[in-house]
Amino acid sequence: MRLRRLRRAELPADTVALARFLLGKIVVHDTRHGRLSGRIVETEAYPVGDAAGHAFRGMTERNRALFLKRGHAYVYFAYGSCFLLNVTSEVAGVGAGALIRAIEPLEGIAAMERHRGTTRRLDLTRGPGRLAEALAIDLAQNGLDLCGAGPLWLASAGDPPRSIGASVRIGITRDADRVLRFYEHGTPFVSGPKRLRAERSS
DNA sequence: AGTGCGATTGACT
DNA sequence: GTCAATCGCACTA
C-alpha cells in the first residue's frame, strides 16, 4: 500500500473539521514487531469549551498533551482498563482534540490479533480501547508528534472520501446532545449501537 | 486522606 | 439487551 505522511498544514485547524477530515485517513504505528495500521472509520470531536472534553476544567498532569498544537497524540487511560487515542486539534496552549473510535485493520493484522487475544476481525479495532490495544498504543505514545518523523503517524492513501454519517457521542453525560460523532457509512468496523450508524450527515 | 466517577469492555441473560 | 470490573484522577474536606 502506498502511504503518504500527512503534514500539519494539511490538517484542518478546526476541531470538528479535523474529526471529519480524519475519516478515511490511515493511522500508522511502526513498532519493533513491524507496522500496524488501520483506516479511520469513526471519530468524535471534543472542541474548545465542550463540557465533555478533558480540557474543560483546565490543564492537569493527565491531559497536558491535549494542549499541544494540532497533530499530536493525546493518549489517556480510562476505566482502569483501556487507553484511548486522540489527535490534538488546536494551537499550542488550547486543549481540544478528536478521539479515534474505530479503524479498519490494514497492516499487521497477525500482530493485532496477538495483542487483542482474538482472531475475530470485527473485534480487533472496533472501539477506542480496542484499537489502541491492537495498535500497541499506551502512555508511551502520549504527546508524540503525529506529523513528524516519529513511529506513530497519520497518512493518506489517496482513497476517495465516502459517505459520512453523524450522531451524538458515545459514553458521555455532559453536552451529550451535541452531534459530534462522525463515521463512514457502510463499513462494519464502526462501534456503537445500530441506531447510531444510520444517520445521514453529508 | 477519602470519595466518586468515567470519551470502555467483556461476560452474561 | 444488561451489568460489573477496574484504577487513576479530580474534587471535597
Side-chain angles (χ1 to χ4, degrees), chain A residues 14-23 27 38 40-68 70 72-90 94-105 112-144 146 152 165-184 188-199:
Chain A
D14 173 77
T15 302
V16 176
L18 176 66
R20 300 177 64 111
F21 171 86
L22 288 174
L23 294 176
V27 55
I40 298 170
V41 296
E42 180 185 352
T43 62
E44 282 177 356
Y46 289 85
V48 175
D50 175 22
H54 285 181
F56 188 63
R57 294 173 198 280
M59 191 189 297
T60 66
E61 183 55 32
R62 179 204 204 198
N63 67 19
R64 190 164 40 84
L66 188 53
F67 292 78
L68 295 169
R70 78 177 187 274
H72 284 75
Y74 165 50
V75 181
Y76 70 92
F77 187 59
Y79 292 107
S81 58
C82 333
F83 296 98
L84 280 71
L85 172 66
N86 297 254
V87 180
T88 63
S89 56
E90 289 289 335
V94 176
L99 169 70
I100 300 179
R101 285 196 58 89
I103 63 175
E104 173 185 347
M112 292 186 197
E113 290 173 346
R114 281 199 305 277
H115 297 152
R116 292 278 302 118
T118 177
T119 57
R120 280 203 57 188
R121 186 63 58 93
L122 283 180
D123 288 342
L124 246 34
T125 57
R126 188 175 64 173
R130 291 170 178 158
L131 78 86
E133 186 174 45
L135 293 179
I137 287 170
D138 57 27
L139 259 28
Q141 282 72 44
N142 188 32
L144 290 185
L146 300 172
L152 185 62
S167 80
V168 296
R169 294 169 293 181
I170 294 175
I172 58 165
T173 54
R174 293 180 298 227
D175 270 353
D177 293 334
R178 303 183 72 182
V179 177
L180 292 174
R181 170 175 172 264
F182 306 103
Y183 57 94
E184 201 174 63
F189 297 98
V190 171
S191 75
K194 259 188 188 141
R195 65 184 169 79
L196 294 185
R197 297 195 209 176
E199 299 173 31

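In what follows, chains carry the letters A, B, and so on, assigned in the order in which the sequence lines appear, proteins first and then strands, with residues in each chain numbered from 1. Note that the structure is a prediction, hence the values are computed from the model and not measured.
For Glu104(A), there are no salt bridge (Lys or Arg N to Asp or Glu O under 4.0 Å) partners at least two apart in sequence or on another chain. Applying the salt bridge (Lys or Arg N to Asp or Glu O under 4.0 Å) rule to Arg181(A) yields the partners Glu42(A); only residues at least two apart in sequence or on another chain are considered. Take Asp138(A) and apply the side chain to side chain contact (heavy atoms under 4.5 Å, CB included) test, not counting sequence neighbours, and it matches Phe83(A), Ala140(A), Gln141(A). The side chain to side chain contact (heavy atoms under 4.5 Å, CB included) check on Leu68(A) picks up Ala65(A), His72(A), with sequence neighbours excluded. Listed by chain and residue number, Thr15(A), Val48(A), Ser89(A), Glu90(A) satisfy the side chain to side chain contact (heavy atoms under 4.5 Å, CB included) test with Ala96(A) (two or more places apart in sequence, or in another chain). Judged as a salt bridge (Lys or Arg N to Asp or Glu O under 4.0 Å), and not counting sequence neighbours, the contacts of Arg64(A) are Glu61(A).
Residue His54(A) contributes atom NE2, which lies 16 Å from atom P of dC5(B) at whole-angstrom precision. Remark: C1' of dT8(B) and CG of Leu99(A) are 11 Å apart, rounded to the nearest angstrom. Across the protein-nucleic acid pair, Phe77(A) atom CZ and dC7(C) atom P stand 7 Å apart, rounded to whole Å. Look at CD on Glu42(A): it is 11 Å from C1' on dA7(B), rounded to the nearest Å. Summarising the geometry, the separation between CG on Asn86(A) and P on dT8(B) is reported as 11 Å, rounded to the nearest angstrom. When the C1' atom of dA7(B) is taken as reference, atom OH of Tyr74(A) falls 9 Å away, rounded to whole Å.
For DNA chain C, if you chain together Watson-Crick or G-U pairs that step i with j, i+1 with j-1 and so on, the runs of at least three with distances under 3.5 Å are B:1-6 with C:7-12, B:8-12 with C:1-5.
Looking at heavy atoms from C-beta onward, Val179(A) lies out of side-chain contact with Ser167(A) at the 4.5 angstrom threshold. Residues Phe56(A) and Asp50(A) are not in side-chain contact: their nearest non-hydrogen atoms beyond the backbone lie 4.5 Å or more apart.
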Identify each donor-acceptor pair in which a side-chain atom of residues 124-136 of chain A lies under 3.5 Å from a protein atom, sequence neighbours left out, and give them as a table.
residue   : atom : partner   : partner atom : Å
Thr125(A) : OG1  : Ile103(A) : O            : 2.5
Arg130(A) : NH1  : Arg126(A) : O            : 2.9
Glu133(A) : OE1  : Arg116(A) : NH1          : 2.7

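Panel note: side chain Asn63(A), backbone Leu66(A); no donor-acceptor pair is recorded below 3.5 Å. One N or O on the side chain of Arg62(A) and one on the backbone of Phe77(A) form a donor-acceptor pair closer than 3.5 Å.
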What nitrogen or oxygen pairs link the protein and nucleotides 9-13 of chain C at under 3.5 Å?
residue : atom : partner  : partner atom : Å
dA10(C) : OP1  : Thr60(A) : OG1          : 2.1

Please enumerate all protein N or O atoms sitting under 3.5 Å from an N or O of nucleotides 10-13 of chain B, with distances to 0.1 Å.
residue : atom : partner   : partner atom : Å
dG10(B) : OP1  : Arg116(A) : NH1          : 3.0
dG10(B) : OP1  : Arg116(A) : NH2          : 3.4
dG10(B) : OP2  : Arg130(A) : NE           : 2.7
dG10(B) : OP2  : Arg130(A) : NH2          : 2.9

For nucleotides 1-6 of chain C, print each protein N/O atom paired with a nucleotide N/O atom at under 3.5 Å, atom names and distance only.
residue : atom : partner  : partner atom : Å
dT6(C)  : O2   : Tyr79(A) : O            : 2.6

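Using a 4.0 Å heavy-atom cutoff across all strands shown, Ala78(A) reaches no nucleic acid atom at all. Leu84(A) comes within 4.0 angstrom of sugar-phosphate atoms only, judged by non-hydrogen atoms across all strands, and of no base.
Looking at Asn142(A), Asn86(A), Leu84(A) one by one, the single match for side chain to side chain contact (heavy atoms under 4.5 Å, CB included) with Val75(A) turns out to be Asn142(A).
Aromatic rings of His54(A) and Tyr46(A) (six-membered ring for Trp) have centroids beyond the 6.0 Å cut-off, not under it.
At dT8(B), one or more side-chain N or O atoms of Arg101(A) fall inside 4.0 Å of OP1 or OP2 (strictly under the cut-off).
Residue pairs satisfying the side-chain hydrogen bond (donor to acceptor under 3.5 Å, both in side chains) criterion with at least one member in residues 170-180 of chain A, sequence neighbours excluded, are absent.
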